[in-house]
Amino acid sequence: MVFRTIEAVFYTAAVEGLLSISTLSQQLATAPVTNRGPIHAIADSFLGVRDHSSLVAVFAFSVGALMYYVVFFRSRLVPRWLSGWGIAGAILMMTACLLGLFSDKPVTGYTLLFLPIAVQEMVLAIWLLVKDFSPSP
């Protein structure tokens with residue numbers, strides 16, 4: 001629950017950075033040509049805040065997901081193949097975070113590494129709706 005809260009806070013910060021850019025664009029439209037440099041610099045910093053906030057949010061999601069998939073795996077509340085798939089997907093997502101941290105690309109540029117956990121989350125939801133948890137782990 002803590003990591004989901006951290007994720008939500010940093011996604012909110014990322015959205016706030018994008019909303020701030022719309023205000024800056026209105027100032028840019030009315031600013032003289034000679035005074036546009038600082039506005040561009042501020043907008044670039046807001047985009048950097050968005051990228052870094054998204055990175056932290058995705059990392060918080062992957063840590064939280066890894067923790068609860070390990071609990072599912074050990075307790076056998078869901079089939080082991082399903083929880084193992086979640087563990088592998090969370091590790092791939094953490095890999096995407098590390099690649100985003102040490103490269104010039106934002107974390108959202110590694111969509112292929114997000115696909116396994118995205119599909120697994122949907123499969124888990126359907127599994128829980130249809131089959132529910134195991135009655136005796």
Side-chain angles (χ1 to χ4, degrees):
M1 186 59 117
V2 171
F3 287 102
R4 300 294 180 184
T5 305
I6 293 170
E7 176 189 6
V9 167
F10 279 96
Y11 276 136
T12 303
V15 169
E16 184 61 35
L18 286 178
L19 291 174
S20 299
I21 290 174
S22 69
T23 304
L24 284 173
S25 69
Q26 293 170 354
Q27 291 179 357
L28 184 67
T30 60
V33 176
T34 57
N35 293 340
R36 290 186 177 176
I39 296 174
H40 281 292
I42 295 170
D44 287 342
S45 68
F46 280 138
L47 286 175
V49 166
R50 193 263 327 244
D51 290 343
H52 291 103
S53 295
S54 296
L55 177 69
V56 172
V58 169
F59 189 75
F61 170 81
S62 60
V63 169
L66 182 65
M67 286 174 27
Y68 85 80
Y69 285 122
V70 167
V71 169
F72 281 165
F73 189 82
R74 292 184 66 176
S75 66
R76 297 183 183 187
L77 290 172
V78 296
R80 286 193 152 212
W81 64 268
L82 191 56
S83 55
W85 182 5
I87 291 169
I91 290 171
L92 284 174
M93 188 175 267
M94 284 181 178
T95 304
C97 289
L98 289 175
L99 288 172
L101 181 64
F102 294 114
S103 71
D104 290 335
K105 290 176 65 176
V107 71
T108 53
Y110 298 100
T111 307
L112 288 177
L113 293 176
F114 292 163
L115 286 179
I117 194 75
V119 173
Q120 194 278 342
E121 291 271 327
M122 289 183 266
V123 169
L124 178 66
I126 292 169
W127 180 274
L128 291 175
L129 287 172
V130 172
K131 298 276 188 171
D132 204 5
F133 286 114
S134 296
S136 58

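Between Leu124 and Val78, the closest heavy-atom pair is CD1-CG1, 4.0 Å. The two residues Tyr110 and Ser103 make their nearest non-hydrogen contact at OH-OG, 2.9 Å. For Phe114 against Ala96, the heavy-atom pair with the smallest separation is CE2-CB, 3.6 Å. Closest of all the heavy-atom pairs between Pro116 and Leu92 is CG-CD1, 3.7 Å.
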In residues 51-71, what donor-acceptor pairs under 3.5 Å come from side-chain atoms, sequence neighbours left out?
{"unit_1": "His52", "atom_1": "ND1", "unit_2": "Gly48", "atom_2": "O", "d": "2.7"}
{"unit_1": "Ser53", "atom_1": "OG", "unit_2": "Val49", "atom_2": "O", "d": "2.8"}
{"unit_1": "Ser54", "atom_1": "OG", "unit_2": "Arg50", "atom_2": "O", "d": "3.0"}
{"unit_1": "Ser62", "atom_1": "OG", "unit_2": "Val58", "atom_2": "O", "d": "3.3"}
{"unit_1": "Ser62", "atom_1": "OG", "unit_2": "Phe59", "atom_2": "O", "d": "2.8"}
{"unit_1": "Tyr68", "atom_1": "OH", "unit_2": "Glu121", "atom_2": "OE2", "d": "3.0"}
{"unit_1": "Tyr69", "atom_1": "OH", "unit_2": "Gln120", "atom_2": "OE1", "d": "2.4"}
{"unit_1": "Tyr69", "atom_1": "OH", "unit_2": "Glu121", "atom_2": "OE2", "d": "2.7"}

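Note that the CD1 atom of Ile117 and the CD1 atom of Ile91 stand 10.0 Å from one another [nearest 0.5 Å]. Here the CG-NE2 distance, from Leu24 to His40, works out to 10.0 Å after rounding to the nearest 0.5 Å. Here the straight-line distance linking atom OG1 of Thr95 with atom CE of Met93 works out to 10.5 Å at 0.5 Å rounding. The line from CD1 of Ile42 to CG of Leu47 is 12.5 Å long, rounded to the nearest 0.5 Å. Here CD of Gln26 is found 11.5 Å from CD1 of Ile39. Values are rounded to the nearest 0.5 Å.
Linking Ile, Leu, Val, Met, Phe, Trp and Tyr whenever their side-chain heavy atoms come within less than 4.5 Å leaves Phe72 and Leu129 in two separate clusters. Linking Ile, Leu, Val, Met, Phe, Trp and Tyr residues whenever their side-chain heavy atoms come within less than 4.5 Å leaves Leu112 and Met94 in two separate clusters. Cluster membership for Val2 and Phe10, using ILVMFWY side-chain heavy atoms within less than 4.5 angstrom, is shared. Hydrophobic clustering keeps Leu115 apart from Ile126 (ILVMFWY residues linked when any side-chain heavy atoms are closer than 4.5 Å, directly or through intermediates). One hydrophobic cluster holds both Leu98 and Ile6 under the rule that ILVMFWY side chains link at heavy-atom gaps under 4.5 Å.
Heavy atoms from other residues, nucleotides or ligands lying under 6.0 Å from CZ of Arg74 number 12 at most.
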